[in-house]
Amino acid sequence: MNPNKYTTPILYSFRRCPFAMRARSALYFSDIKVILREVVLRNKPKEMLDVSNKATVPVLVLKEKVIDESLDIVIWALKTNDKLNLLNPYHKEKDKIIKFINQIDNQFKYHLDRYKYSSRYEGCKSFEGKNKHRDHAANYITEIERLLKKNKATYFYDNKLSIVDLCIFPLIRQYRIADKKWFDDNTNFIHTHKWLTTILELDFFKIIMKKYEPWREASMPQFFASNL
Ligand SMILES: N[C@@H](CCC(=O)N[C@@H](CS)C(=O)NCC(=O)O)C(=O)O
């Protein structure tokens, strides 16, 4: 059965999910309009689970296929239309940048979750304590700091916005939000702070963070597009 009866792609999304934020960022920069279905994570729609048994957002439903990994959505969108050449580092150093993004998505995110949502992990065997996980995650920020400092840059690659910035900023933003004062006062994070602030002040950020009502089967389509 065709999972999408519309000609417009459908994006199952969750506003604050860093992976969905990265997908919406790429869709924004590729000028791809989608029908956005805001998901309540504890009550995921059957329509989404029917097309992807991973049960995570984001999920992009095209006429011909379903893409249910955020990085794949980013790459698909930018390959479709990349007027700003955001894929430049991917074309030039694919393995290196995918490895870097994967590290943030996995190792960094592991500690981020235990720092930001520490109460969920109290009593778990592998839980080392909120601040220990904060400090483990900080090692990745140190690496980000080193890269930005080394290149004397605001952005990661060629000092221009790219897939690397779009993919990792939502996770670093979450890390800051866990304790803004601690992050902002940390003199070891000066370049990362500037980088994050610069990104959050770009026009696209307001658009990708627009609020949508949770989707129900009877809902009228709500659209997400760069010009909305
Ligand atoms: N590797 C996936 C991870 C996506 C992910 O973990 N999304 C979270 C929300 S941020 C989710 O849907 N979790 C399922 C749940 O909370 O039930 C991707 O990059 O798309």
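Quick note: numbers below take in every heavy atom, side chains included, and nothing from hydrogens, waters or symmetry partners. Both ligands and their constituent atoms are indexed starting at 1 by order of listing.
The protein heavy atom nearest to atom 3 (C) of ligand 1 is F19 CD1, 3.8 Å. Protein heavy atom nearest atom 16 (O) of ligand 1, with residue, atom name and distance: L41 CD1, 3.7 Å.
Considering backbone and side-chain N/O of R22, none are found under 3.5 Å from N/O of ligand 1. The N/O atoms of P58, backbone and side chain alike, include none that comes under 3.5 Å of an N/O atom in ligand 1. Remark: ligand 1 and K44 share an N or O pair separated by less than 3.5 Å (distance only, no angle test). For ligand 1, one of its N or O atoms has an N or O atom of S70 under 3.5 Å away.
Residues E143 and F108 fail the side-chain proximity criterion, which asks for heavy atoms closer than 4.5 Å. Using a 4.5 Å heavy-atom threshold, the side chains of F224 and I207 count as touching. Between F169 and S25 there is a side-chain heavy-atom pair separated by less than 4.5 Å.
Ligand 1 lies out of reach of A23, whose nearest heavy atom is not under 4.0 Å from it. Using a 4.0 Å heavy-atom cutoff, L71 is absent from the residues neighbouring ligand 1.
Between N106, V57, I67, it is V57 that holds the heavy atom closest to atom 8 (C) of ligand 1. Of the candidates T56, I101, D113, V74, T56 brings a heavy atom nearest to atom 13 (N) of ligand 1.
A centroid separation of less than 6.0 Å is found between the aromatic rings of F189 and W182. The aromatic ring centroids of F156 and F100 lie less than 6.0 Å from each other.
Proximity to A55 (heavy-atom distance under 4.0 Å) selects the following atoms of ligand 1: 14 (C). Against a heavy-atom cut-off of under 4.0 Å, C17 is close to the following atoms of ligand 1: 7 (N), 9 (C), 10 (S).
The number of heavy-atom neighbours closer than 6.0 Å to CD of E213, taken from other residues, nucleotides and ligands shown, is 12 or below. No more than 12 heavy atoms of other residues, nucleotides or ligands shown are found within 6.0 angstrom of CG on D203.
For R114 and Y110, the positive end sits near the middle of the six-membered ring, less than 6.0 Å away and at most 45° from its axis.
Ring planes of H136 and H111: tilted class, angle from 30 to 60°.
No part of A20 comes within 4.0 Å of ligand 1, judged by heavy-atom distances.
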